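Some notes on the structure that comes next.
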Amino acid sequence: MTIQTFTSYLESLSKTASRNEMTVVLAKLLSKSSSDEVDKVCYLLLGRLTPKFEGIEFQMATKSMIKVIALAYGSNVDEVTKIFKQKGDLGVVVAQLQPKADRPLADVGKRAHQGEPLQITTVYDKLLKIALEEGSGSVERKIFGFSELLKSLDPLSAKYMVRIPVGALRLGFSDMTLLDALSWMAMGDKSLRKLLENAYNVSADIGLIAKAFKEKAGKGIVHLKATPGIPIRPQQAERLGTAEEMIEKLGTSVAEWKLDGFRVQVHIISSKLKIKSSKFKTQRKQMQLGEKRSDKEVQIFSRSLENTTHMFPEIVGEFRKLDVGSAILDGEAIGYDPKTSKHLPFQETIQRKRKHGISDIAQKIPLRYYAFDLLSLNGESFLEVPFNERRKKLAELFEKKGKKLDPKTVTIAEQVIVSTPEALRKQFDESVKQGFEGIMVKKREAVYTAGARNFNWVKFKHMGVGKLADTLDCLVMGYYAGQGKRSGFGIGAFLVKV
DNA sequence: TATGTCTGCCC
DNA sequence: ATTCTGC
DNA sequence: GCAGAATGGGCAGACATA
């Protein structure tokens with residue numbers, strides 16, 4: 001598939017409001033993609049080059065792309081910046097500047113048609129090369145490389161490619177619609193969406209799923225189960241305003257302290273336990289950061305599926321002691337004062353979000369991991385198991401001590417069963433008194449709905465829902481043009497004096 | 001070496 | 001993380 | 001209610017530059 005064909009789809013998608021229509025258009029695009037390119041097509045549709053947990057980023061955004069555009073079209077940073085502030089979208093800036101380039105638009109178009117048409121895979125490879133530039137002089141190489149790429153593209157392709165590093169493709173759809181489209185491609189309806197979503201939840205790599213799906217000509221069924229080493233999309237919590245609503249919605253439920261730290265998904269992988277290698281697993285490169293596999297490897301993933309193992313050496317160390325084949329745990333890590341053992345505010349915990357000098361900061365700000373869920377154990381997925389049973393398994397895991405885990409570093413989240421709004425409020429008040437962020441209220445019978453935000457979990461925080469603390473009198477001092485949807489109004493935000 | 005700019009990822 | 005919007 | 005876009009505060013990392 002040529003890049004021009006691809007971006008003509010993007011153009012028509014961006015003009016489509018109805019997600020059902022988008023799904024049909026996307027299905028056609030996917031079916032026209034060969035199985036060698038469909039994964040790359042998926043990543044580019046999502047404005048990326050790889051899934052998040054691969055850790056490959058452009059390290060280029062608005063400022064860099066302004067330089068790219070200036071260089072490509074013989075303009076300068078000030079001019080491009082000015083137009084960008086007016087338009088609020090670098091794609092539109094490119095569309096506007098291109099005819100003014102040293103070569104007329106017609107020429108650029110002709111060049112794109114000359115010789116071999118540019119394939120989407122070629123463009124993808126060039127983008128990847130740019131993203132992978134690092135070290136001294138890399139900023140210049142990225143900017144120069146991207147400007148050369150822009151010049152080789154037809155106008156429409158340039159418009160969309162420039163939007164990718166700034167994370168503003170703004171096509172009006174994202175991963176879920178892409179899963180719908182895969183189903184539509186195979187079936188002409190959304191009947192396989194649930195199946196595909198299940199696969200995505202335990203292996204958040206749409207490119208891989210699309211490729212496997214396509215190779216089976218859409219007839220096969222994608223079977224994936226939770227695999228230690230591959231992150232599971234974390235369950236998220238809904239919000240409700242009052243304790244009454246919570247009890248009404250969840251019934252008798254479980255309350256846990258809401259800790260203001262990092263969401264941490266711990267994977268324990270034993271090499272002795274041979275993971276049945278799925279089609280996906282074999283295609284995947286060795287796990288990034290995957291040093292030699294000792295007999296017990298621990299990998300850690302963030303809420304957004306980043307591999308953050310390097311941030312938590314003490315947690316990794318503890319879990320390596322655990323006498324277990326493999327496991328996936330969900331929980332929260334929070335810093336504490338080594339003298340008083342008290343929890344630290346998020347502002348201090350976040351200083352652990354670093355990759356250098358971890359052992360130094362770990363002395364100053366040690367972390368404690370509160371496990372609150374068990375998603376898989378010794379190859380068996382618990383996603384479909386009710387919460388109270390998962391929790392029981394988790395407790396058993398902590399009790400059966402191969403070697404004892406240090407409770408200062410790794411522990412299990414406390415729970416209280418609540419069946420009335422009064423009891424719930426009492427827990428909430430107590431949590432505030434003890435300096436927590438509030439409480440998490442969880443439905444005892446609920447399965448772990450990976451990737452979803454629903455009322456299986458509800459957070460009870462101060463300040464209720466969407467209520468402003470107070471009103472404020474202010475004086476308008478100026479305004480900004482705004483980006484994206486706000487760019488059309490001329491004003492995106494006010495500058496205000498109190 | 002010290003500081004500044006830009007970026008990505010935590011919430 | 002929160003808030004808003006379109007469907 | 002779901003899916004998506006846009007927004008904010010604040011930290012460290014990567015590189016450029018003084």
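None of the values given here were measured: they were computed from a predicted structure. Every chain is numbered from 1 and lettered A, B, ... according to where its sequence line falls, protein lines coming before strand lines.
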Contact nearer the 5' end of DNA chain D, comparing A:F173 with A:G135: A:F173
Phosphate contact (B:dT5 OP1 or OP2) by A:K67 side-chain N/O below 4.0 Å: no
Nearest-nucleotide 5' precedence on DNA chain D, A:Q351 against A:D175: A:D175
For atom CD of A:E238 and atom P of D:dA3, their distance in whole Å: 12 Å
Contact under 4.0 Å: A:S136 side-chain N or O vs D:dA16 OP1/OP2: yes
Sugar-phosphate only, base, or nothing, as touched by A:L179 at under 4.0 Å among non-hydrogen atoms: nothing
Sugar-phosphate, base or nothing in reach of A:N20, heavy atoms under 4.0 Å: nothing
Euclidean distance, atom CZ of residue A:R141 to atom P of D:dC15 [Å, nearest integer]: 9 Å
hbond_proxy A:K63 side chain to B:dC6 base (donor-acceptor, 3.5 Å cutoff): no
Touch class at under 4.0 angstrom, heavy-atom based, for A:K249 against every strand present: sugar-phosphate
OP1 or OP2 of B:dT7 under 4.0 Å from side-chain N/O of A:T62: no
Sugar-phosphate, base or nothing in reach of A:S18, heavy atoms under 4.0 Å: nothing
A:K355 NZ to B:dT7 C1', straight-line distance once rounded to whole Å: 12 Å
A:F319 and A:Y369 aromatic centres sub-6.0 Å: yes
Minimum-distance nucleotide to A:E306 side chain [options: C:dT2, B:dC10, D:dG4]: B:dC10
Gap between atoms CZ and P, on A:F346 and B:dC9 respectively (whole Å): 14 Å
Short side-chain N/O contact from A:R352 to OP1 or OP2 of D:dC11, under 4.0 Å: no
D:dA6 and B:dC11, which share atom name P, separated by this distance in whole Å: 22 Å
B:dC9 OP1/OP2 closer than 4.0 Å to side-chain N/O of A:S302: no
Nearest to side-chain heavy atoms of A:A17, which nucleotide of D:dA3, C:dC7, D:dA5: C:dC7
Distance in angstrom units between A:R453 CZ and D:dG4 P, rounded: 14 Å
Taking every non-hydrogen atom, the tightest pair across A:V80 and A:S75: CG2-OG, 3.7 Å
A:R48 to A:Y43 six-membered ring, cation-pi geometry met (6.0 Å, 45°): no
Nearest-angstrom distance from the residue atom CE of A:M311 to C1' of B:dC11: 12 Å
Nucleotide C:dT3, atom C1' - distance to CD of A:Q236 in whole Å: 15 Å
Side chain of A:K353 (C-beta onward), nearest among D:dG13, D:dC2, B:dC9: B:dC9
Proximity to the side chain of A:F58 - top-ranked nucleotide from B:dG8, D:dG1, D:dA14: B:dG8
Which atom of A:P234 lies closest to which atom of A:Q265, heavy atoms considered: CG-NE2, 4.4 Å
Value in whole Å for how far the C1' atom of B:dT7 lies from CD of A:E133: 17 Å
Nucleic acid contacts of residues 435-447 of chain A, taken as heavy-atom distances under 4.0 Å to DNA chain D: none
Short N-O contact, A:K342 and A:D337, less than 4.0 angstrom: no
Nearest to side-chain heavy atoms of A:K461, which nucleotide of B:dC10, D:dG4, C:dT2: C:dT2
Check: A:H343 ring centre within less than 6.0 Å of A:Y370 ring centre: yes
A:T349 side-chain N/O to B:dC10 phosphate OP1/OP2 under 4.0 Å: no
Distance in Å, A:I232 CD1 paired with A:D330 CG, rounded so as to fall on 0.5 Å steps: 8.5 Å
Distance test, side-chain N/O of A:R193 to OP1/OP2 of D:dA3, below 4.0 Å: yes
Ring geometry between A:Y448 and A:W457 (parallel below 30°, tilted from 30 to 60°, perpendicular above 60°): perpendicular
Minimum-distance nucleotide (side-chain atoms of A:I350 versus B:dC10, B:dG8, C:dT2): B:dC10
A:R352/A:E314 ion pair, N-O < 4.0 Å: yes
Nucleotide nearest A:D260 (side chain, heavy atoms from C-beta), chosen from D:dA3, D:dC15, B:dC11: B:dC11
